[in-house]
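Being a predicted model, the structure only gives us computed values, none of them experimental.
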Amino acid sequence: MSESTTRVTGEPDPPHTATDALRTPAPLQVGEVRVGVPVVLAPMAGVTLPPFRQLCREAGEAALAPTARVSSAVGTHAPAGLYVCEMITSRALVERTPETMRMITPDPTDPVRSVQLYGVDPVTVAAAVRILVEEDWADHVDLNFGCPVPKVTRKGGGAALPWKADLFSDIVRGAVDAARSASRGRGHEVPVTVKMRMGIDDEHLTYLDAGRAAEAAGAAAVALHARTLEQHYSGTARWEAIARLKEAVTTVPVLGNGDLWSAEDAAEMMRTTGADGVVVGRGCQGRPWLFTDLVAAATGSDRRVRPGLRDVTGVLRRHAELMAEHFGDEDRAMREMRKHVAWYFKGYPVGGDARRAFALISTLAELDALIADLDLDSPYPGEGAEGQRGRAGGPKRAHLPDAWLSSRTVDDEFAAVLRQAELSVSGG
């Protein structure tokens, strides 16, 4: 795969550069888990399945020296960062639905297995954590308080939940206690972390209170997507909120998320906010090699991957093959791959007819035939392949339970609503 060792700007470095923030990062210690570089793959529903996580992790490891790629302590040392499973519904895990059990099946080569849980009932979340820890499904558990999807928030879950401060604290504390108790007999205590948004809207911000509450409840790290629920993915992430959270949370790492499209973006976020690490989501869609750039920057290298179309289709083909192995169903795997194709080809000279044909693939043979018809000698297209991925859309009205904003606490009526929340979120 083509690489570059020159800076994206092509200009000389000033005395202090953004990449310095990643070059000599403070050790990222998440509880008893040591993260070699301060980089995390964000959980994304339908995206961060084991095949994609494997591709991202391998890309990150490729930037390390061969001897540094090997974990010194499996379960507690992640040399190239953390790569988190897509969101899992706590109730579905407790009920052991077949799809959920498939979703949590880890990549056996991942040195630290990270799973993100969604839940609104402290008892159910704690039970799900115990399953993950006691049955050795995970080495790190993240709690989702950032999902903006209406079917989640209208029941009081995801990014809506931290508004109910007592419930938020109860869930985090219960999860931490469950992990600590279930870790007895294991080689380390499985850490619990939190990922959240700034709040519901600018009039109902929760992130500072929630960050301090998570810290007090025993969370091992706190990550902030610097947007509100109402913003969804629109506009610009407000990195200044990450800096404020870093000032408020003083004893555990604070990680930043939002508008990270390059290694330079990640370094700039860390430099300007003081964040201890970065969580990368949409920026890596269709380009798992971004993690080579991120890890290279974190280890003092200017190495950057700039793939031509032949290299891109090679990664796409391997992704599809891994998906077929993962599902054991080639047709389903190819249907799942369709959304990835547009991301992989962003900026490359792939015509509309070809793109429409790729969006209808149902077999690996069809994929191979379409790839063979492309001009595989096309070089890296530069800016067209970079920047924002996916559709940002505009601000969206927050969908919340009736009278949700009238109080920061949960009464009996809301407790009944919340018990139904997980029932409406299937799979993960």
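- Here CD of Glu135 is found 4.0 Å from CZ of Arg96. Values are rounded to the nearest 0.5 Å.
- Of all non-hydrogen atoms in His188 and Asp139, the two that sit nearest each other are NE2-O, 3.4 Å.
- The CG atom of Leu143 lies 8.0 Å from the OG atom of Ser90; values are rounded to the nearest 0.5 Å.
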Note to self: Before you tell me yes or no, could you show the steps for Asp142 and Thr193 under side chain to side chain donor-acceptor pair (under 3.5 Å), namely the whole-Å CA-CA distance, both residues' side-chain angles and the distance that decides it to 0.1 Å?
What the structure shows: CA-CA 5 Å; Asp142 186 56; Thr193 58; 2.7 Å; yes

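- Of all non-hydrogen atoms in Cys284 and Met44, the two that sit nearest each other are SG-CE, 4.0 Å.
- Scanning all heavy atoms of the two residues, the minimum distance from Gly119 to Ile171 falls at O-CD1, 3.8 Å.
- The closest side-chain heavy-atom distance from Trp289 to Pro307 is below 4.5 Å.
- With contacts defined as side-chain heavy-atom distances shorter than 4.5 Å, the pair Arg113/Trp137 does not qualify.
- Between Arg186 and Glu32 there is no salt bridge, since no side-chain nitrogen of the basic residue lies less than 4.0 Å from a carboxylate oxygen of the acidic one.
- The backbone N or O of Ser234 sits less than 3.5 Å from a side-chain atom of Arg227, completing a donor-acceptor pair.
- A salt bridge links Asp293 with Arg306: at least one charged nitrogen is closer than 4.0 Å to a carboxylate oxygen.
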Next item on the list: Show your reasoning for whether side chain to side chain contact (heavy atoms under 4.5 Å, CB included) applies to Arg318 and Gln54.
Entry: CA-CA 11 Å; Arg318 182 157 182 256; Gln54 180 180 341; 3.3 Å; yes

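- Salt bridge status for Arg304 with Glu386: absent, with no side-chain N to carboxylate O gap under 4.0 Å.
- Phe145 has its side chain within reach of Val172: a pair of non-hydrogen atoms, C-beta onward, lies under 4.5 Å apart.
- Side-chain atoms of Arg244 never come within 3.5 Å of backbone atoms of Leu208 as a donor-acceptor pair (strictly under, hydrogens ignored).
- A heavy-atom distance below 4.5 Å is not found between the side chains of Val305 and Asp311.
- A donor-acceptor pair is defined here as one N or O able to donate and one able to accept, closer than 3.5 Å; such a pair exists between the side chain of Asp265 and the backbone of Ser262.
- Panel note: side chain Ser362, backbone Asp331; no donor-acceptor pair is recorded below 3.5 Å.
- Between the side chain of Asp259 and the backbone N or O of Thr236 there is no donor-acceptor pair closer than 3.5 Å.
- Side-chain N or O atoms of Ser169 include one that pairs as donor or acceptor with a backbone N or O of Ala165 at under 3.5 Å.
- Taking OG1 from Thr228 and NZ from Lys396, the interatomic distance works out to 12.5 Å, rounded to the nearest 0.5 Å.
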Notebook entry, point to check: Which is it for Val84 and Leu41 under the side chain to side chain contact (heavy atoms under 4.5 Å, CB included) test, yes or no, and what are the steps along the way?
Noted result: CA-CA 6 Å; Val84 187; Leu41 168 63; 5.8 Å; no

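- Taking a cutoff of 4.0 Å between a charged side-chain nitrogen and a carboxylate oxygen, Arg317 and Glu321 qualify as a salt bridge.
- The aromatic rings of His340 and Phe52 sit tilted relative to each other, their planes meeting at an angle between 30° and 60°.
- Remark: Arg197 CZ to His225 NE2 distance equals 4.5 Å, nearest 0.5 Å.
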Next item on the list: Could you walk me through whether Arg57 and Asp107 pass the side chain to side chain contact (heavy atoms under 4.5 Å, CB included) test, one step at a time?
Entry: CA-CA 10 Å; Arg57 179 175 51 78; Asp107 168 7; 2.4 Å; yes

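- Within the 3.5 Å criterion, the main-chain N or O of Pro106 finds no donor-acceptor partner in the side chain of Arg53.
- Side-chain contact between Pro122 and Leu167 is present, with at least one heavy-atom pair separated by less than 4.5 Å.
- Counting only distance, with no hydrogens or angles, the side chain of Trp239 and the backbone of Glu268 share no donor-acceptor pair below 3.5 Å.
- When each of Leu229, Thr206, Leu205 is paired with Ile200, the side-chain contact (heavy atoms from CB on, under 4.5 Å) condition holds for Leu229 and for no other.
- For the atom pair CZ (Phe345) and CZ (Phe358), the distance works out to 4.0 Å, reported to the nearest 0.5 Å.
- Between the side chain of Glu86 and the backbone N or O of Gly46 there is at least one donor-acceptor pair closer than 3.5 Å.
- With hydrogens and angles ignored, the 3.5 Å screen pairs no side-chain donor or acceptor of Thr100 with any backbone N or O of Leu93.
- What you find for Pro253 and Ala220 is that their closest heavy atoms are CD-O, 3.2 Å.
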Margin query: Working note: Trp261 + Arg287, criterion side chain to side chain contact (heavy atoms under 4.5 Å, CB included); need CA distance, chi angles, decisive distance, verdict.
Written below: CA-CA 10 Å; Trp261 314 114; Arg287 52 175 185 165; 3.9 Å; yes

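- Residues Leu367 and Ala320 share a closest heavy-atom pair of CD2-CB, 3.5 Å.
- The shortest side-chain heavy-atom distance between Pro43 and Asn144 does not fall under the 4.5 Å cut-off.
- Between Ser71 and His77, the closest side-chain pair of non-hydrogen atoms falls below 4.5 Å.
- A salt bridge links Asp202 and Arg238; the closest N-O separation between the charged side-chain nitrogens and carboxylate oxygens is under 4.0 Å.
- Ion pairing between a basic and an acidic side chain is recognised when a charged N comes within 4.0 Å of a carboxylate O; Arg91 and Asp121 show no such pairing.
- Residue Ser114 comes nearest to Tyr83 through the heavy atom pair CB-O, 4.0 Å, listed as atom of the first residue, atom of the second, then distance.
- Contact check for Val315 versus Pro288: side-chain heavy atoms found under the 4.5 Å cut-off.
- Applying the 6.0 Å contact sphere to CD of Glu383 captures no more than 12 heavy atoms from other residues, nucleotides or ligands.
- Considering Leu224, Leu255, Thr273 in turn, Leu224 is the only one that fulfils the side-chain contact (heavy atoms from CB on, under 4.5 Å) rule with Leu245.
- Residue Thr313 holds its OG1 atom at 5.0 Å from CG of Leu376, rounded to the nearest 0.5 Å.
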